[in-house]
2 protein chains.
Amino acid sequence: MFGAGADQHAGMDSALQTAEPPARGRLQYLVVRDSLAEEIARGTLKPGARLPSERSLQVTLGVYRGTVREALFQLEAEGLIYRKERSGWYVAPPRVTYDPSRPEGFTAWVAAQGRVPQTETLSKERVEASELVAPILGVRPGAPTFFVRRRRHIDGRACLVEHISLNPKLFPGLLERDLDVSLTGVMRRDYGRVVTRAEVSMYPCALTGAQAEDLRVKSGTPGLCLIRTCFDAAGAVLEYDQEFWRHDIIRISLAVAMQA
Amino acid sequence: MFGAGADQHAGMDSALQTAEPPARGRLQYLVVRDSLAEEIARGTLKPGARLPSERSLQVTLGVYRGTVREALFQLEAEGLIYRKERSGWYVAPPRVTYDPSRPEGFTAWVAAQGRVPQTETLSKERVEASELVAPILGVRPGAPTFFVRRRRHIDGRACLVEHISLNPKLFPGLLERDLDVSLTGVMRRDYGRVVTRAEVSMYPCALTGAQAEDLRVKSGTPGLCLIRTCFDAAGAVLEYDQEFWRHDIIRISLAVAMQA
DNA sequence: GAGTGGTCTAGACCACCTT
DNA sequence: AGGTGGTCTAGACCACTCA
C-alpha cells in the first residue's frame, strides 16, 4: 500500500496507465475527465449511451470514487453527460436551439430539429395574484389569476418546467381546456389573441426544491431560468412565463436589431 | 463515538443544533445550505462579505468538511456565493443586466447600473482564419485575421473573457490602438463602421482550461457562453465575439418583436 | 509561516431504480 | 435482490494566498 497522499498529485507518471504528456492533465480528476470526454468526442460513447458505473470506473482507473465523481461532475457541468438519479450516467444528446423571436410553439420548433417533443400539464389552478405577478399582469395583488405548471420533454427526457400566469379576464374558461398543447396556438385560435412582442430575460441558475423534483434532478443541478412576458399588438400582457431549463439541453439563438 | 452512518441521515433530530422542523432540510448539506442562504437573505452576510472558513463551519455545525463543501457548492451554483481560489468564499453581489440589443458598450452599461467596469487586453495578434471563423468573417481559411483576447471586470472582479475575431481589411491598424475601451466605439469613430444588427447565441457551459485560468476560477465552474456576430447596415461582418461569463454575474434581458 | 481551499484516500450506510 | 448513485465520516497532504 502507498501512504495517503504520497504521490497523490500526479505530475509524475502515476496517474493513469494511458501514457500522456499531461500538459494540463496533472490533476487526476482532470485526466479522468479528459479521457472520458475524448471517448465521447471520438464516438466510442454515443449520445444516450450509459457510462460504466462509478465503482467500475474506480477499479478500471485505479482512483478512489470521489475522484471519479469529480470528473463526472465536470462533464455534467460541460453538458457532455447527465445523470438519471440512482440509475447511472449517460452521454448527453446535442442541444436544441431556441429562438425566442419565432412565433412557433415548443412542439413545432423541437420537431423541426428532428427531436420528439412532449408536454405534460402538472397543474392548473386559480390563485391570487402575488405582489410580483400582479403589476405585470395589470391586476391588483390578490386578484384572481390562472396559474399553470407544465413539464416538457425532448426525446422522452424532462428538460424544463414552466410556470405560467395569465389574466383570467382575457382567457375565460382556459383552465377547462387541454393545455398539453401550444398555449400561443390556443390563444390565437380560441381567443383571437396574438403575441407580437415579448420581453425576455434569462440567467444561469440552480435547479432546487420543487423545480429539481419536477425535473427529477438532484437539487443544485445547474439550470437556465428564462422569463418571458408576452404582449399583443395592443400592449396587453397575454402571458407571464417562467421556464426552468436543464442547463445542458438548450442554446438560445436570435437576431437582434440594434436600437438607435 | 457514534458508528459511521448510524444516524448520518438526519430526519431524527441529530443534524444541527438549530431546532428546525426540516420539511425539506432532511439532508445535512441542505440544512447547512439553507441556513447559510437565510443569513445571506436576511442580510447578516452582506454582498462581498467573507464566509467563515470551511474548517470553522465544520466545527460550528458539527459536520464533516465534505458536507460543508457540498452546501457551499450548491450556493455557488445558485449564484449566491463565489470563491476566490484558495482565499475563501464570499457573498456574491447582485447580477448586472445585459441587453444585447443596446448599442452601448460594456463600460457604459455597467457604469449605468452603478457598478465599476474595467477592461484589460490580454493579447492582440494576427492569426490565420480557422475553418470555423473564416466563413463567418467572409475570408478564406488561412487568411490573416485579427484576434483579440480581453478580460473584463466588474467592481474589481474578473467576470468574463472574450475572444474577438475581425477582418483586417475593414480595420487596418486596429491592433496598434488601445483596445481597453469600447470596441464598437473605436469602430464607429475611427473607421466609420456602425453595428446595426447582431446574431446572438448563448448557452450554459463550464469554464475550463484557458478560460478558467484567465478568470482565475476552478476548472469546471459553471459559466455562460455568449457568441455574437455583429453586422453593419451593408451586411458586412464587423466582429465575431465569443464571451465566456461567470455564471453568477449576469442576466440577459431584451425585448423581441415576433417574426411574422 | 499560518491559514485557506483543493485534492485524494478508504472506508460506510442509505434510498432508490432495475431486474 | 442486487446494483446504482447519494450522502457521510475521518483522516491526509498539497498549492496557493495573505499578512
Side-chain angles (χ1 to χ4, degrees), chain A residues 1-12 14-16 22 24-33 50-59 61-76 81-90 212-213 216-221, chain B residues 1-12 14-16 22 24-33 50-59 61-76 81-90 212-213 216-221:
Chain A
M1 76 189 81
F2 34 91
D7 53 0
Q8 68 194 29
H9 282 100
M12 45 215 59
S14 69
L16 280 193
R24 158 164 313 110
R26 297 219 304 288
L27 269 35
Q28 292 195 24
Y29 75 84
L30 291 179
V31 176
V32 175
R33 178 195 70 178
R50 177 180 177 162
L51 272 59
S53 76
E54 295 175 1
R55 284 175 178 84
S56 86
L57 284 170
Q58 171 185 16
V59 172
L61 303 171
V63 297
Y64 96 119
R65 186 151 78 107
T67 300
V68 172
R69 281 171 68 78
E70 181 62 28
L72 260 9
F73 295 160
Q74 293 242 341
L75 293 168
E76 181 188 40
I81 66 175
Y82 67 95
R83 39 181 145 180
K84 290 214 288 233
E85 278 221 286
R86 290 189 171 84
S87 156
W89 295 87
Y90 299 81
E213 282 168 29
R216 265 174 260 288
V217 300
K218 181 174 127 55
S219 172
T221 301
Chain B
M1 77 191 77
F2 35 90
D7 53 1
Q8 68 194 27
H9 282 100
M12 46 215 55
S14 71
L16 280 192
R24 157 166 312 108
R26 296 222 304 289
L27 269 35
Q28 291 196 23
Y29 74 86
L30 291 180
V31 176
V32 174
R33 179 196 71 178
R50 178 179 177 168
L51 271 60
S53 75
E54 295 176 2
R55 284 173 179 85
S56 85
L57 284 170
Q58 171 184 16
V59 173
L61 303 171
V63 297
Y64 97 118
R65 186 151 77 107
T67 299
V68 172
R69 281 171 69 76
E70 181 63 28
L72 261 9
F73 295 160
Q74 292 242 343
L75 293 168
E76 181 187 39
I81 64 175
Y82 67 96
R83 38 181 145 181
K84 289 213 291 233
E85 279 222 286
R86 291 185 172 83
S87 155
W89 295 88
Y90 298 82
E213 283 169 28
R216 265 175 259 288
V217 299
K218 181 172 128 55
S219 173
T221 301

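Numbers restart at 1 for each chain; the letters A, B, ... are given by sequence-line order, proteins then strands. Given the structure is predicted, the values throughout are model-derived calculations rather than measurements.
- When the nearest nucleotides of DNA chain C are assigned to E85(A) and W89(B) by heavy-atom distance, the more 5′-ward of the two goes with W89(B).
- For R216(A) and E85(A), the salt-bridge test fails: no basic side-chain N is under 4.0 Å from an acidic carboxylate O.
- Backbone-only engagement by R50(B) is indicated by non-hydrogen atom pairs under 4.0 Å involving sugar-phosphate atoms exclusively.
- Checking the phosphate oxygens (OP1, OP2) of dG3(C), no side-chain nitrogen or oxygen of R86(B) falls inside 4.0 Å.
- The structure places CG of L30(B) at 10.5 Å from OG1 of T67(B), a figure rounded to the nearest 0.5 Å.
- When heavy atoms are screened at a 4.0 angstrom cut-off, G88(B) is found touching the sugar-phosphate backbone but no base atom.
- Rounded to an integer number of Å, the gap from CD of E70(B) to C1' of dG6(D) is 9 Å.
- Rounded to a whole Å, the CG atom of L57(B) is 12 Å from the C1' atom of dG5(C).
- We find that CD of E213(A) is positioned 14 Å from C1' of dA15(C), with the value rounded to whole Å.
- Contact annotation: R65(B) side-chain N/O to dT4(C) OP1/OP2 distance is not under 4.0 Å.
- S53(A) has a side-chain polar atom (N or O) that falls below the 4.0 Å cut-off from OP1 or OP2 of dT4(D).
- Backbone-only contact: R83(A) has heavy atoms under 4.0 Å from sugar-phosphate atoms and none from a base.
- For dT7(D), the OP1/OP2 oxygens have a side-chain nitrogen or oxygen of K218(A) closer than 4.0 Å.
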- Task: Quick one: do R69(B) and E54(B) satisfy salt bridge (charged side-chain N to carboxylate O under 4.0 Å, His left out)? Show the steps, please.
- Result: CA-CA 7 Å; R69(B) 281 171 69 76; E54(B) 295 176 2; 2.8 Å; yes
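- The CZ-C1' distance, from R216(B) to dG6(C), rounds to 17 Å in whole Å.
- For the OP1/OP2 pair of dT7(C) and a distance below 4.0 Å, the side-chain nitrogens and oxygens of Y29(A) include at least one atom meeting the criterion.
- Between Q28(B) atom CD and dC13(C) atom P there is a gap of 16 Å when expressed in whole angstrom units.
- Atom CG in L30(B) sits about 15 Å away from atom C1' in dC14(C), given to the nearest Å.
- Comparing G66(B) and R55(B) by the nucleotide of DNA chain D whose heavy atom lies nearest to each, the residue mapping closer to the 5' end is G66(B).
- Taking the side chain of E54(A) as heavy atoms from C-beta on, and the options dG5(D), dG6(C), dC8(C), the nearest nucleotide is dG5(D).
- Applying the side-chain contact (heavy atoms from CB on, under 4.5 Å) rule to E70(B) yields the partners K218(A), Y29(B), F73(B), Q74(B); only residues at least two apart in sequence or on another chain are considered.
- Residues satisfying the salt bridge (Lys or Arg N to Asp or Glu O under 4.0 Å) criterion with R86(B), sequence neighbours excluded, are absent altogether.
- Summarising the geometry, the separation between CG on L61(A) and P on dC8(C) is reported as 12 Å, rounded to the nearest angstrom.
- Protein atom CZ of R69(B) is 17 Å distant from nucleotide atom P of dA10(D), rounded to whole Å.
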